[in-house]
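Presented below is the structure to which this report refers.
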Amino acid sequence: MEDDQHVWPPGSGRRIPPEDDEPWNPRLRRTVERDIEDSPPDWAALPPAARHYGQPVRPRPVRRWRRRVGAVLALVVASGLVAGLAVVAFSVVRPEPPRQVLNDPVAGVVIPLPQGWREALVAPVTGFTAAARSGDGALVMARKVTVPVADPDRVTSEAAELYSRLLLKGDTVTIVEDQAIPGGHTRAMRAEYQDVVNRPAYLRVTLLTRPAGAVLLVGLLQPVENPSKQALDTVMASVR
């Protein structure tokens, strides 16, 4: 048979098209003034497979605003990382401020002063050759003991009694610590007052025995607050 009658012998590899199939003859259409997806489908312009399975869908374009948002987020994250690394590097490289030291050549002592402490120009009590104050009212004084010290415990007890009457003047004075330390002795006292004006005060007297001569340290704090008391004790314990 001829090809135009659509009859081929078996095994020839040719398919007999259905009677309702029409030849695929796509027609050109104007698509400039309107979007292709918005126009109704022209089934005659589609291939046979599309007529059986539906019109192919064009992939959606990637929206530009998503790309822009992603770029902005990436920039923000990178800026945060750079700022964090800069802060860490600055904290590591930045040197600590120099620590102040109070040197008393007369008494022969050196007193390291933590942050917030400063050297006093004149000791408020006669006989002391060096003094340091803090911003919260703590005071440390030092002076040399001119007489030989045979009993550090007795000398410390007498000095604590003297300066408690001179500096504390409390209605009730209680010994809160009294013990020997390496190279000397120390005693701490707490004073309380019956009036509502004066708040509790704290006094510590430390005697350091040395071959070149003993040194007496007196620390005073009013009012008594736990952080300030610990700072005062630390300063007196660091004297060398």
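From Arg204, atom CZ reaches atom CG of Leu220 across 12.5 Å, with rounding to the nearest 0.5 Å. Interatomic distance, Leu208 CG to Arg210 CZ, rounded to the nearest 0.5 Å: 5.5 Å. Atom-to-atom distance recorded for Leu167:CG and Leu162:CG is 8.5 Å, nearest 0.5 angstrom. Rounded to the nearest 0.5 angstrom, Leu232 CG and Gln230 CD are separated by 11.0 Å.
Put simply, the side chain of Ser164 never gets that close to the backbone of Leu168: no donor and acceptor are under 3.5 Å apart.
For the pair Pro124 and Leu139, the tightest heavy-atom approach, listed with the atom from each and the gap, is CG-CD2, 3.6 Å. Nearest heavy atom pair, residue Val205 against residue Ala159, reads CG1-CB, 4.0 Å. The two atoms that bring Gly170 and Ala191 nearest to each other are CA-CB, 4.1 Å, heavy atoms only. The two residues Val224 and Ala201 come nearest to each other via the heavy atoms CG2-C, 3.3 Å. Looking at every heavy atom in both residues, Val235 comes nearest to Pro112 through CG1-O, 4.2 Å. Of all heavy-atom pairs between Trp117 and Ala132, the closest is CZ3-O, 3.8 Å.
Residues Val101 and Leu113 fail the side-chain proximity criterion, which asks for heavy atoms closer than 4.5 Å. You'll find the side chain of Arg187 reaches within 4.5 Å of the side chain of Ile175, heavy atoms only. At a threshold of 4.5 Å between non-hydrogen side-chain atoms, the residues Leu203 and Val218 count as touching. Between Pro114 and Thr234 the shortest side-chain heavy-atom distance does not fall below 4.5 Å.
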Stepwise side chain to side chain contact (heavy atoms under 4.5 Å, CB included) check, Leu207 with Thr186: CA-CA 6 Å; Leu207 179 68; Thr186 185; over 6 Å; no

Worked verdict on Asn198 versus Gln222 for side chain to side chain contact (heavy atoms under 4.5 Å, CB included): CA-CA 9 Å; Asn198 291 316; Gln222 187 180 22; 4.1 Å; yes

Audit row: Glu192, Asp171, side chain to side chain contact (heavy atoms under 4.5 Å, CB included) steps and yes/no: CA-CA 6 Å; Glu192 296 182 357; Asp171 297 315; over 6 Å; no

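Here Arg118 pairs with nothing under the salt bridge (Lys or Arg N to Asp or Glu O under 4.0 Å) rule; sequence neighbours left out. Among residues two or more places apart in sequence or in another chain, the side chain to side chain donor-acceptor pair (under 3.5 Å) test is passed with Thr129 by Asp104. Scored by the salt bridge (Lys or Arg N to Asp or Glu O under 4.0 Å) test, Glu225 finds no partners at all (sequence neighbours excluded). Scanning for ring-ring contact (aromatic ring centres under 6.0 Å, His included) contacts around Phe128 gives Tyr163, with sequence neighbours left out. For Lys229, the salt bridge (Lys or Arg N to Asp or Glu O under 4.0 Å) test picks out Asp233, with sequence neighbours left out. Taking Asn103 as the reference, nothing meets the side chain to side chain donor-acceptor pair (under 3.5 Å) condition, with sequence neighbours excluded. Scanning for salt bridge (Lys or Arg N to Asp or Glu O under 4.0 Å) contacts around Glu119 gives an empty result, with sequence neighbours left out.
Among residue pairs with one or both ends in residues 205-238, none qualify as ring-ring contact (aromatic ring centres under 6.0 Å, His included); sequence neighbours excluded. For the ring-ring contact (aromatic ring centres under 6.0 Å, His included) condition, no pair includes a residue of residues 206-233, sequence neighbours left out. Among residue pairs with one or both ends in residues 206-240, none qualify as ring-ring contact (aromatic ring centres under 6.0 Å, His included); sequence neighbours excluded. For residues 189-211, no pair satisfies ring-ring contact (aromatic ring centres under 6.0 Å, His included), with sequence neighbours left out. Applying the salt bridge (Lys or Arg N to Asp or Glu O under 4.0 Å) test to every pair with at least one member in residues 129-155, sequence neighbours left out, gives these pairs: Arg154-Glu158.
Just one of Leu102, Val215, Val110, Ile111 meets the side chain to side chain contact (heavy atoms under 4.5 Å, CB included) condition when paired with Val239; it is Ile111. Looking at Thr206, Thr209, Asp178 one by one, the single match for side-chain hydrogen bond (donor to acceptor under 3.5 Å, both in side chains) with His185 turns out to be Asp178.
Cluster membership check: Met236 does not share its hydrophobic cluster with Val125, using side-chain heavy-atom separations under 4.5 Å among Ile, Leu, Val, Met, Phe, Trp and Tyr. Leu221 and Val176 fall within the same hydrophobic cluster, defined by Ile, Leu, Val, Met, Phe, Trp and Tyr side-chain heavy atoms under 4.5 Å apart, directly or through other members.
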